[in-house]
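The shown structure was predicted, so the numbers you read here are calculated from the model rather than taken from an experiment. Atoms considered below: every heavy atom in the structure, side chains included; atoms not considered: hydrogens, waters and symmetry mates.
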Protein chains: 2
Amino acid sequence: MVNKRTPTTRPPGRHVTRHPAPRPAPERRSQADRRQQTRQALLDAALGQMEAGIGFEALSLRRVARAAGVVPAAFYRHFASMDELGLALVEDSVLALRSMLREAREDGPAPERVIERSVKILFAHVREHRRHFAFVAQARGSGNAVLRHAIRSETKLFASELATDLARFPVLREWSTSDLQMLAGMFVETMISAIEAFLEASPGGGVQPPTPEAEARIAKQTERQLRLLALAIPQWRSRP
Amino acid sequence: MVNKRTPTTRPPGRHVTRHPAPRPAPERRSQADRRQQTRQALLDAALGQMEAGIGFEALSLRRVARAAGVVPAAFYRHFASMDELGLALVEDSVLALRSMLREAREDGPAPERVIERSVKILFAHVREHRRHFAFVAQARGSGNAVLRHAIRSETKLFASELATDLARFPVLREWSTSDLQMLAGMFVETMISAIEAFLEASPGGGVQPPTPEAEARIAKQTERQLRLLALAIPQWRSRP
DNA sequence: TGTACATCAGTGAACGCGCGTTCACTGATGTAC
DNA sequence: TGTACATCAGTGAACGCGCGTTCACTGATGTAC
């Protein structure tokens, strides 16, 4: 078959880019830096598009590339597909979750104010990594099977880690593993719905963070839920 | 501007439909019946496509029309857009939820086995309306703002109804409205995650219902969660 | 019952568009000598 | 330090495809007389 494409004969400098930031003065930087920077721009662009209310499944490679200020073909230098970009976002989000648990664990079990403290940490993290949390919340139930499964298995892992932490509390020392898993799962569920409420309360379709008042209201509600759940613990007769 | 379309001059009977069921022998039926039937076929086709693992947002009007055995243009005789079709599905799903509450309410509060009974009713309904539940679970977090909001407000309404029912239990008679709302919300959350577990356990990407064993396992887990939650109730000091 | 006309659900063809993917290319960065 | 060549991130153009939407149309059903 004949190659029907006309050989490139355009004069140099003729092409006008219409991208937002037309690559400012070819500053000197290493190839590795440039690569890393574009990769990050693609990830940021995807999060940014989703912030504007577009679901991950409806996100197109071309939109992401455009928002990142890069030609569609350049996308392939970093990800083989949108699925792969999504998995990279899951990975980043998981790091945020892990750091949350680490912080909560930091000064050991202080049964008195543990709920209050945990909620504070939760909301601080959600505020800081809002876009990643929004991505996870959205893709968790999305039609994309690859992402859905990745997120589900990470959520289970997270609940397991939490279960191990819970086992350190005296009241829970006698609980069976499966009961601890259940309790951790319920805590995680409560956190997830808190996160969803937080994101839903973000004005402008998730573009801005919610007002401090709205956040305080949701945090308080979450505390009440966790407190109610905690009241059940001493009443439970754990069986293996 | 000139109408560039060639006037239709094709001989009658020339066109060959490639649709699955090429409209069998023009049986006699009323226009209204035919209309209703196609509308239902479109709704079923949408559910069917989603059953195959496609998210609502990724569902195209053309796919739905094709699966319904109808030409794309015919879609517009029934819905102005896919959003509108989605809202019709939400409405159908809400009916299923209402019927669930009605059934649970039927023989009044029987504190002894109320949890066991409720879970039985829940799973019976999920089994019967699996595709509608799957649709709601999927669209609940999807990128489609219209559907997301419709589903959220219906969920809140559902929780409110449940709260009214809960108020009938003697242990809860003294509870403030907002505490009842919270409790109902937590029950609903637990149900939702049970539904998600049920759907996730469906083999073949949701095409078939889960095995009776898997269902029994999930039902049992749900019962345990609700039981734990119920244990907290007498301990709670409700304040308005 | 029979006839002439109206209604309207569904058809088939066409449109312009954004999509994912490919390709040979450019030109700055990196390396060997 | 200077030169010649290699590497490779990003480019621009092209492709074929499925999409949503429009339109004049067909022909069965419905209605008025």
Going by side chain to side chain donor-acceptor pair (under 3.5 Å), name the pairs with one or both residues in residues 91-104 of chain B, residues two or more places apart or in two chains. B:R98-B:E161, B:S99-B:H125
Give me the ring orientation class for A:H132 and A:H129: parallel if the planes are under 30° apart, tilted from 30 to 60°, perpendicular past 60°. perpendicular
Could you write out DNA chain C as a dot-bracket string, with dots for unpaired bases, | for bases paired across to another strand, and Watson-Crick or G-U pairs counted at under 3.5 Å? .||||||||||||||||||||||||||||||||
Is there any salt bridge (charged side-chain N to carboxylate O under 4.0 Å, His left out) pair reaching into residues 68-77 of chain A, and which pairs are they, with sequence neighbours excluded? none
Interatomic distance, A:R148 atom CZ to A:S142 atom OG [nearest 0.5 angstrom]: 7.0 Å
Qualifying residues under side chain to side chain donor-acceptor pair (under 3.5 Å), relative to B:R63, sequence neighbours excluded: B:Q49
Which protein N or O atoms sit under 3.5 Å from an N or O of nucleotides 18-21 of chain C?
{"from": "C:dC19", "atom 1": "OP1", "to": "A:S60", "atom 2": "OG", "distance (Å)": "2.7"}
{"from": "C:dC19", "atom 1": "OP2", "to": "A:R66", "atom 2": "NH2", "distance (Å)": "2.7"}
{"from": "C:dG20", "atom 1": "OP1", "to": "A:L61", "atom 2": "N", "distance (Å)": "2.8"}
{"from": "C:dG20", "atom 1": "OP2", "to": "A:L61", "atom 2": "N", "distance (Å)": "3.2"}
{"from": "C:dG20", "atom 1": "OP2", "to": "A:R62", "atom 2": "N", "distance (Å)": "2.9"}
{"from": "C:dG20", "atom 1": "N7", "to": "A:R62", "atom 2": "NH1", "distance (Å)": "2.6"}
{"from": "C:dG20", "atom 1": "O6", "to": "A:R62", "atom 2": "NH1", "distance (Å)": "2.8"}
{"from": "C:dT21", "atom 1": "OP2", "to": "A:Y76", "atom 2": "OH", "distance (Å)": "2.6"}
{"from": "C:dT21", "atom 1": "O5'", "to": "A:Y76", "atom 2": "OH", "distance (Å)": "3.2"}
{"from": "C:dT21", "atom 1": "O4", "to": "A:R62", "atom 2": "NH1", "distance (Å)": "3.3"}

Do you know which two heavy atoms are closest between A:L147 and A:D83, and how far apart they sit? CD2-O, 4.4 Å
State, to 0.1 Å, how close A:A41 and A:A68 come at their nearest heavy-atom pair, and which atoms those are. O-CB, 3.7 Å
Check: protein-nucleotides 4-9 of chain C nitrogen or oxygen pairs below 3.5 Å:
{"from": "C:dT7", "atom 1": "O2", "to": "B:Q31", "atom 2": "NE2", "distance (Å)": "3.4"}
{"from": "C:dA9", "atom 1": "OP2", "to": "B:R35", "atom 2": "NH1", "distance (Å)": "3.4"}
{"from": "C:dA9", "atom 1": "N7", "to": "B:R77", "atom 2": "NE", "distance (Å)": "3.2"}
{"from": "C:dA9", "atom 1": "N7", "to": "B:R77", "atom 2": "NH2", "distance (Å)": "3.3"}

Hey, is the main chain of B:F56 close enough, under 3.5 Å, to the side chain of B:Q138 for a donor-acceptor pair? yes
Correct closest heavy-atom pair for B:L85 and B:L42 would be CD1-O, 4.1 Å
